[in-house]
**Q** 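Here you go, one structure.
Chain identifiers are assigned alphabetically (A, B, ...) following the order of the sequence lines, protein sequences preceding nucleic acid strands; residue numbering begins at 1 within each chain.
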2 protein chains.
Amino acid sequence: MAQKPSIPKGTRDFSPAEVARRNYITGIIKKHFERFGFQPIETPSFENFDTLMGKYGDEGDRLIFKILNSGDFISKVDDITYSSKKSSSILPKISDRALRYDLTVPFARYVVMHQNEIDFPFKRYQIQPVWRADRPQKGRFREFYQCDADAVGANSLLQEVEFIQLYDAVFTELGLSGVTIKLNHRKILSGMAEIIGARHLLVDFTVALDKLDKIGEQGVIQEMKDKGISENAIKKAAPLFSLSGTNAEKLNVLDSFLEGSEIGIEGALELSKIINMLEKLELQSTKLTMDVTLARGLNYYTGAIFEVAAPEGIAMGSIGGGGRYDDLTGIFGLKDVSGVGISFGLDRIYLVLEELGLFPESLDQSIDVLFVNFGEEEALAALTLVSRLRTAGIKADLYPTNAKTQKQFKYANNRKVPFVSLLGAEELKAKTFAVKNMSSGEQISYSWDDLDEFIKTL
Amino acid sequence: MAQKPSIPKGTRDFSPAEVARRNYITGIIKKHFERFGFQPIETPSFENFDTLMGKYGDEGDRLIFKILNSGDFISKVDDITYSSKKSSSILPKISDRALRYDLTVPFARYVVMHQNEIDFPFKRYQIQPVWRADRPQKGRFREFYQCDADAVGANSLLQEVEFIQLYDAVFTELGLSGVTIKLNHRKILSGMAEIIGARHLLVDFTVALDKLDKIGEQGVIQEMKDKGISENAIKKAAPLFSLSGTNAEKLNVLDSFLEGSEIGIEGALELSKIINMLEKLELQSTKLTMDVTLARGLNYYTGAIFEVAAPEGIAMGSIGGGGRYDDLTGIFGLKDVSGVGISFGLDRIYLVLEELGLFPESLDQSIDVLFVNFGEEEALAALTLVSRLRTAGIKADLYPTNAKTQKQFKYANNRKVPFVSLLGAEELKAKTFAVKNMSSGEQISYSWDDLDEFIKTL
């Protein structure tokens, strides 16, 4: 019996229309990465088990897809381990490799391994799939692409400025107006914790603060209480919950609030420098807004942090994010590699563009000109013209068989072909071909020698 | 202790220069795929275990990378199986998924699953990595890209013609002159076996014949003898070992040799039609040559078969190949899906282009203009110009820190930047910038307002 085929949970097939749309997005991202001086690298889909394990916390370790060793893998398990019948003990004996979980750890590994070939400062981008054994749900997949850019090996606020310009350039070209880039600074968060006297509760404080949009001020206060943050501290922090106005106004409130915290003031000063530079340089379509509730989960950020919000009215989480970090490669023994990195959320950007109807119609057009096939001799003449069209850079095709004309036209319609060309017995004799404009219905005849004239109309 | 990082055997990191070169090749292949009316699809990196297993023979099954189930995988193994401690029995209990081994089986699966959305005839291309647990050696990797194009759901020799034109278009644009496309037909091979009376030994016969280049006529004869092919049969086949001349001359010899074998004559007739059409259409730079020793390993080919040989003098196996098949999707329960498919050998094409120095120099140039950083104020002015250059489509960058000028110039040299721009205190005052042509040493000064003039020179 033949198998009824399916694909694994959480994975996707991409149809031609979907690939075209995804490539449209990544093409624009790549183009701007390169204009900004970033260079592409690629790393293997699987890494050594030890390269990945222990880098993403216990939950991460669990979600990493492990690859089974080849051959008689079980024979490598010693009897004592085998008799335990414990997955966690047997795992490292039967799996030496695991699928990439993100692009950051492989990048760190790359920088350490290739440090002598790299010209620092190193601006790299990487667009590759990653895999996570997460429970699949709407918008969450077990295989998905990450689009990352990082600049490492230099320490300058110009880098933050550039990354925000990069976001602006990409979303502007995608036609996505109303995008907001939220900006905060880890040192501001630390300063805030210091001021409210809950320094040791910084993580709890920022995690609670991050939920302001979701659970409201009262919810955040309750969560802070539950986490053991004092009422007094919460009272001190209260003004932060309703900061508003321009970035300059927010920074003013912050400056006076943070007075007394050296680290907090340092963070506020950096942000104000970044914001001032960007005011001079001007963004094209995105809005930059300071957001002290922005915390971002990853603990390795140490400076400015960014998050990109879809245009208002679109129910979608962040469509990008990033920040500055002090130590990319310490885990692999190379110290003092600091940098800034951002990523684009490809799947979410896709959904936003789809919802707003922002994909160009031309993406659906995979053939510019289709020749109808009227039989062997006619087809050969048509193929001569098709070849010339292709050489001229036109996407041209000839229907492969002499099927009923109606069927061939139906195919042309389904493929959204704008021009269908007819070269039948009469045209063969007269050395001409007719071109039908499929939207207007208009039909024009050309001699074979005048193919270039037709090309000009495309 | 920090880990000293490495990557798994048989996998590769690709540096920016390597990615640029690989993208150059795949970019040209993609462009021509699309001009020829092919559409891209993408399938998941891993498939269900049962989708892949049993499709590539025992050796294939062994070489497929299996993914370990998540969580407490061992608990799903029943006690009897567990106590056997046999890898082959335990394997299917702890692995539900496996990494893609080629692009053909996933494509067949895709066609069956999406048959109602696909407009047949379906011309798809797919450029994605595949994984094989093969012993790594020079030019053989455990992760590598396949570049496949197939046209399914129609039956016409025009398709063979098109695929040969496609090879010609790609290798012509890659500047690789002297490429030979070898052509044969499975039915000719069957006919030959029939004529020599060794029909049941067809596979042995073709496998031996395929080694003509490597072990010579005597070696082939010996191998045929060893395989039990009769001396009489081998004598009959002898003229085939030294066929030469034009394709038409070869076909003449073949035609008389195959007299009496219906299937053989059918194959020869098809090839002669294909060759005749291509003579009328003309190839740009590749040479098409009939080669009766061409057999190709895959048993699923049933019609014309192709193989592309690198230019003479380059020690490299085939850099592409393909053929016509009768049954793509029968394994998944969908009958009568026939088609033609070809693939490009990316890694080998890369090596050939490298050996012949055919990669364009421009690929090494990842920044067009680099501004030297002379301090905070100057840098901000420079960044304004850099932003305008980027908006104009130029790859421009500003060195991120105010490092020693010598260091910045060294960086520019390493990155092969053709134009370095200087905007120091003087230029800031005069609202100008200087541009140094790094190959000629010439230096020109522009006012900020005349940036467009500079752009025109790029």
**Q** Side chain from CB out, backbone as N, CA, C, O: work out which of these in A/Asp96 comes under 4.5 Å of a heavy atom of chain B, or both, or neither.
**A**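 Neither part, no heavy atoms under 4.5 Å.
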**Q** Name the residue from A/Leu398, A/Val369, A/Leu370, A/Ile394 that meets the side-chain contact (heavy atoms from CB on, under 4.5 Å) definition with A/Val386.
**A** A/Leu398
**Q** If we define contacts as heavy-atom pairs under 4.5 Å, which of A/Thr43, A/Ile367, A/Asn414 has the most with chain B?
**A** A/Asn414
**Q** Please state whether the side chain, the backbone, both or neither of B/Gln165 comes within less than 4.5 Å of a heavy atom of chain A.
**A**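 It is the side chain, since no backbone atom gets that close.
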**Q** Among A/Leu281, A/Leu166, A/Asn276, which one satisfies side-chain contact (heavy atoms from CB on, under 4.5 Å) with A/Val161?
**A** A/Leu281
**Q** Return the option, out of A/Ser88, A/Gly393, A/Ser15, with the maximum number of heavy-atom pairs under 4.5 Å with chain B.
**A** A/Gly393
**Q** Check whether NZ of the Lys or CZ of the Arg A/Arg124 lies under 6.0 Å from the centre of the six-membered ring of A/Phe38 and within 45 degrees of that ring's axis.
**A**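 Here A/Arg124 fails the 6.0 Å and 45° test against A/Phe38.
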**Q** Please state whether the side chain, the backbone, both or neither of A/Lys280 comes within less than 4.5 Å of a heavy atom of chain B.
**A** side chain
**Q** Taking B/Lys395, B/Lys85, B/Met113, B/Glu47 one by one, which has the highest count of heavy-atom pairs under 4.5 Å against chain A?
**A**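 Among the listed options, the one with the most contacts to chain A is B/Lys85.
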**Q** Look at the aromatic rings of A/Tyr399 and A/Tyr411 and report parallel, tilted or perpendicular, splitting at 30° and 60°.
**A** perpendicular
**Q** If you apply the rule side-chain hydrogen bond (donor to acceptor under 3.5 Å, both in side chains), what do you find for B/Glu143 with A/Ser45, and how did you get there?
**A** CA-CA 8 Å; B/Glu143 173 175 51; A/Ser45 296; 2.4 Å; yes
**Q** Is it the side chain or the backbone of A/Tyr82 that comes within 4.5 Å of chain B heavy atoms, both, or neither?
**A** both
**Q** Consider only side-chain N and O atoms of B/Arg415 and B/Ser366, and report whether a donor and an acceptor are under 3.5 Å apart.
**A** yes
**Q** Output the option from B/Leu380, B/Ile64, B/Thr172 having the highest count of non-hydrogen pairs under 4.5 Å with chain A.
**A**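 Going by pairs under 4.5 Å, I would pick B/Leu380.
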**Q** A/Arg109, A/Arg12, A/Glu376: which one forms the most heavy-atom pairs within less than 4.5 Å of chain B?
**A** A/Arg109
**Q** Could you tell me which portion of A/Glu34 (side chain, backbone, both or neither) has an atom closer than 4.5 angstrom to a non-hydrogen atom of chain B?
**A** both
**Q** Does any backbone or side-chain atom of A/Glu162 lie under 4.5 Å from a heavy atom of chain B? Answer side chain, backbone, both or neither.
**A** side chain
**Q** Could you check whether A/Asn155 and B/Thr401, counting side-chain N and O atoms only, form a donor-acceptor pair closer than 3.5 Å?
**A** no
**Q** Considering only heavy atoms and a distance below 4.5 Å, find which of B/Ile118, B/Leu91, B/Asn69 pairs most often with chain A.
**A**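 The residue among B/Ile118, B/Leu91, B/Asn69 with the greatest pair count is B/Leu91.
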**Q** Please determine whether salt bridge (charged side-chain N to carboxylate O under 4.0 Å, His left out) holds for the pair B/Glu173 and B/Lys31, giving the CA-CA distance in whole Å, both sets of side-chain angles, and the decisive distance to 0.1 Å.
**A** CA-CA 10 Å; B/Glu173 181 157 353; B/Lys31 186 172 84 180; 2.7 Å; yes
**Q** What part of A/Leu99 is in contact with chain B, defined as an atom under 4.5 angstrom from a non-hydrogen atom: side chain, backbone, both or neither?
**A**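 Contact with chain B: side chain only.
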**Q** Among all residues two or more places apart in sequence or in another chain, which pass the side chain to side chain contact (heavy atoms under 4.5 Å, CB included) test with B/Ser70?
**A** A/Phe65, A/Ala133, B/Arg97
**Q** Which pair of non-hydrogen atoms, one from A/Gly10 and one from A/Phe141, has the smallest distance, and what is that distance?
**A**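 For A/Gly10 and A/Phe141, the tightest heavy-atom pair comes out as O-CB, 3.4 Å.
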**Q** Is A/Leu389 in contact with chain B via its backbone, its side chain, both, or neither, using a 4.5 Å heavy-atom distance?
**A** neither
**Q** Name the member of B/Asp368, B/Leu157, B/Ile94, B/Asn373 that forms the most heavy-atom pairs with chain A at distances under 4.5 Å.
**A**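 The answer is B/Ile94.
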**Q** Between B/Ile41 and A/Asp13, is there a side-chain heavy-atom distance shorter than 4.5 Å?
**A**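 Not touching, per the 4.5 Å side-chain cut-off.
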**Q** Please classify the contact of A/Gln159 with chain B as side chain, backbone, both or neither, using a heavy-atom distance under 4.5 Å.
**A**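 Side chain only.
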**Q** If we define contacts as heavy-atom pairs under 4.5 Å, which of A/Pro400, A/Ala154, A/Ala403, A/Gly37 has the most with chain B?
**A**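 Of the candidates given, the most pairs with chain B belong to A/Pro400.
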**Q** Do the two ring centres, one from B/Phe33 and one from B/Tyr125, sit under 6.0 Å apart?
**A**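 Yes - the distance between ring centres of B/Phe33 and B/Tyr125 falls below the 6.0 Å cut-off.
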**Q** So which heavy atom on A/Lys123 is nearest to which on A/Ala151, and how close?
**A**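 Shortest heavy-atom separation between A/Lys123 and A/Ala151 comes out as CG-CB, 3.9 Å.
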**Q** Taking every heavy-atom pair that is under 4.5 Å apart, which of A/Val19, A/Thr11, A/Asn402 has the most such pairs with chain B?
**A**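 The residue among A/Val19, A/Thr11, A/Asn402 with the greatest pair count is A/Val19.
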**Q** In terms of heavy-atom pairs under 4.5 Å with chain B, which of A/Pro40, A/Ser156, A/Gly71 leads?
**A** A/Pro40
**Q** What part of A/Phe144 gets within 4.5 angstrom of chain B, counting heavy atoms only: side chain, backbone, both, or neither?
**A**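 When you check distances to chain B, no heavy atom of A/Phe144 falls under 4.5 Å.
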**Q** Count the heavy-atom pairs under 4.5 Å between each of B/Leu68, B/Leu158, B/Asn48 and chain A, then report the option with the highest count.
**A**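 The candidate making the most pairs under 4.5 Å is B/Asn48.
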